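Since this is a predicted model, take the numbers as computed values, not measurements. Numbered from 1 within each chain, the chains take letters A, B, ... in sequence-line order.
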Amino acid sequence: MWRRSASFVVDKRYYQHDELPLAMDPQNPNPNPNPNANPLSAYYLTRAEHHAVVTSDWLAQAQAAVGRHPSPPPPPETIAGGGGGKERGFGVIDEFNYWRKKPDLAEAVAAIMALAAVIRSSEATTMMELEIELKTASDTLKSWDTTSISLSAGCDLFMRYVTRTSALEYEDFDAAKRRLIERGEKFGEISLKARRTIAMLCQDFIFDGCTILVHGFSRVVLEVLKLAASNRKLFRVLCTEGRPDRTGLRFSNELSALGVPVKLLIDSAVAYAMDEVDMVFVGADGIVESGGIINMMGTYQIALVAHSMNKPVYVAAESYKFARMYPLDQKDLAPALRPIEFGVPIPPGVEVEKSARDYTPPQYLTLLFTDLGALTPSVVSDELIQLYL
Amino acid sequence: MDHRRVPRAVIDPKVRQVLVVTPPIPRPSHPRPARLRRRPPLRPIPVPTPTLTLTLTSPLRRRRRDAALVPVGSYNPSEPLLGTPPMTSPSSRADADLNFSDDAPSPPWIGRTGGGKVASSFPGSSGEMMAAAKNLPKSDLTTASVVKTLPGVSETNKGALVEMQADGIGATGSQKQKTTKAERRAIQEAQRAAKAAAKEAGGVKSAAASTGEVLAASKQAKAVKSPSQKKDGPQVTAPVSSSEKKVGDRLPEKDRKKDVPHPRMQFDDINRVEKAKRRAVVNQSEARNRVELFRHLPQYEHGTQLPDLEAKFFHLDPLHPSVYKVGLQYLSGDIHGGNARCIAMLLAFREAINDYSTPPKKSLVRDLTAKVSSYVSFLIECRPLSISMGNAIRFLKNRIAKLPHTMSELEAKSSLQSDIDRFINEKIVLADKIIVRHAFAKIRDGDVLLTYGSSSVVEMMLVYAHEQGKQFRVVIVDSRPKLEGQALLHRLVKKGLNCTYTHINAVSYIMHEVTRVFLGASSILSNGTVYSRVGTACVAMVAHSFRVPVLICCEAYKFHERVQLDSICSNELGDPDVIAKVSGRKDLNHLSNCVDNENLQLLNLMYDVTPSDYVSMIITDYGMLPPTSVPVIVREYRREQLWI
């Protein structure tokens, strides 16, 4: 086909332009890409760390992770460490990284916790000062990992709370500060509650005898299925493998622990299995303004297959994943890269698509379950406008 | 599609209050020529002076005064606000409902024939009625109140007055005119009372006879007539009452639809066009051979208006020269493009407000609103308003109406002027800058951007992206007859952009190498439909089928809450001659002889409608939105927009 030849050239130019650091890779004697040399997505690395199964003793690891319930309370030493003005930027990121390590905690919650820590350690004496301090902190956070949508959305959300809450202006500074910290700490609870709300919402859509296809490891989807199982619904789950970090294996493990019949598929078997599927359930890394979602690689093709076979595609995601971005196509996102192992050395001169996520346009989604309710994709923009404008 | 061609009833779409405004149906007794007669140019009539609006409008129009003021607009979004009361003194309006019969120039079939009949059923009793009213002043006859209002009038005059009243009743009843509920009830009451009085007159007659010989004698004479009249009295009133019942049934619907925008002027309605023509300042002759489907849109012979208007320059006292100038510029096409037209209009209004002084015994708010309305109707005659201009006018009128009464004239004027400045600044200039920033974020190096026609925002965006050092190529698609893209091409190439120029015929060929389509819009309607230069829909659809994202750049002040499904209902017709002739090509003259041919209908549409399915994104001053979010912006920011 000659049709898109010009844009193919354009694409190539774009890639060469954009991935200049990656072009160094082939020169590297090591066939496996070094995660430190590349601008890899910290967000996806963390996710892989939490939910991926890389080694053979994944079962033991997973069990340990499940058993590791509420972690010890936040250590005060990191907070004390963020005292110096120069060090603040580092303090925020350390704080954020500390919270991020917890597998049960969403990234946005971690971001807000980190910002709350900034407030706690702040020496500002006026609201304005505090706002500026918070702004710089959130900017450092955002620039530290540009690929994480929920990180920037969490920062935006908290900043919006700080700047828009009119009650803050009438209180004295200490009370306002206390209120903000309280809000930050409550956010973890809010996030957990949101998951429960979403699970409740989804129950009406899961019927006895249905087959559900899931993709990737989503904590919200897991919560949904957990609740359905505890409601004694009879359903079957098909799990995709979720290469390269194989999050599907982990997910199937969790489900089988609940006594839900699970079947594992390799990622390329989705179309083959779609006939017997009644609905597709996916999570989301971010919900964008068009109403589409950004999620782990492979979501788009599953949605396409499901759409062409007239199967509903449901998305379960908390409302703090709503982001003010509007990708027009797959390449319109900041690239989030991730190392991919093929087990064998890659032949020289062969490129590897390393993107960790894709964008699913709204027309392939049926409903979005959020803590604001079950929304159609077009409502997302309305909510965003009301949230941020 | 065929059903659209069915003449009147269907062309007036139901959504536009068809039930409320019934067009006056020509009486069979007054055969009207089916085709519009081309009458010799009437003498210039200045834009609404109080008497004029009153005399020209039928009772129907009087109920909806806004209609009277907005004569020749194919499209008029701001009518509810445009239609503020004309400069009528309160007294003249008050008695307007009473004396229908003495406005001479009103179409004769409206009041006279029906009214005369009804009146003729009463005259026999009118004298007695008066007498009865005099004898029984406490009776609940409604006509008695009429008598009371004019206590000094002599007996005969009273009779005449009642006759006139009856005449009016006949007119309203038989015409199914819109009157308020209370008025209708009053009329009905009056008729009932009149009937009762007529009957009573027979009974009271003997008593009345004893009061005076002469009076009695005359009554005797009339009493002979009265039985026959009693017979046909019900006959005449029966249809009246039935029609009123119908009106009564419709009433709740009317109330419900009160806030529905006023229907646009339909130019296939002969009566209305005639009336509008008589009011018109611009003297223009209708084009011949209009395409059937588009008869409801105005189309005039090109070039007929300008010389006429120029000649009239010194006779148009109610118009401010700056408004006049802008109107002429619209007419000649010197100012085009949504933003440019809107800014020019606002600046003209600003100047007019600057030179304005409130006439004695008038309030600034009312008089200025009427003034602005008259300016607007003049501008509409020059060229139909765009939706953005309608929104701007609505804003201005709102500001005028919101002026506190305590404000001095000088303060009010300066506040209005600063409001206009702010509107231009915030809603157009700044909005454009924000849109440019947003759109810039969507351009990547190596992109091929396609644009159609000439949009000011898109041009600003391209120039900005070029200045920021983005590497991209521009494809400008253009079309006959305006060839607006050539000017854009000229400016861009001069700035050093890499451009490709082609006509719309080649759009499907060029589209495969395009990565983004940027289009401007005249307006965006609340179902996400984009109303833009004709050809835009074609480009958007081709882009959609090639899976190229289509981005619409449009300021939020151009959003409108209306929904439009096709480009037929409201559109603008251009000069048909320009599509028949190709300038510079002497050999392409096949159509030169048959322009006047009855079988040839030329259609030069100005706008078309792009369904939201083909639009990937709308870039406005509130950010980047999917087309489904237009109603949110309209809902959330319309109020703010009006108030700024």
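The CE atom of Met325(A) sits 9.5 Å away from atom CE of Met624(B), with the distance rounded to the nearest 0.5 Å.
Using a 4.5 Å heavy-atom threshold, the side chains of Arg516(B) and Leu328(A) count as touching. Taking the side chain as every heavy atom from C-beta outward, Lys331(A) and Thr515(B) never approach each other to under 4.5 Å. Between Ile385(A) and Leu625(B) there is a side-chain heavy-atom pair separated by less than 4.5 Å.
Judged by distance alone, with hydrogens and angles left aside, the side-chain atoms of Lys442(B) form a donor-acceptor pair with the main-chain N or O of Tyr326(A) at under 3.5 Å.
Side-chain contact of Ser381(A) with Ser629(B): a donor-acceptor pair under 3.5 Å is present, judged by distance alone.
With a 4.5 Å cut-off on non-hydrogen atoms, Asp382(A) touches chain B through its backbone and its side chain both. Contacts between Pro361(A) and chain B at a heavy-atom distance below 4.5 Å are absent for every atom of the residue.
Legend: residues meeting salt bridge (charged side-chain N to carboxylate O under 4.0 Å, His left out) with Lys495(B), ordered by chain and number and at least two apart, are absent. Residues satisfying the side chain to side chain donor-acceptor pair (under 3.5 Å) test with Glu383(A), not counting sequence neighbours, are none. Legend: residues meeting ring-ring contact (aromatic ring centres under 6.0 Å, His included) with His490(B), ordered by chain and number and at least two apart, are absent.
Scanning residues 282-291 of chain A against chain B with a 4.5 Å heavy-atom cutoff picks out Glu289(A), Ser290(A), ordered by number.
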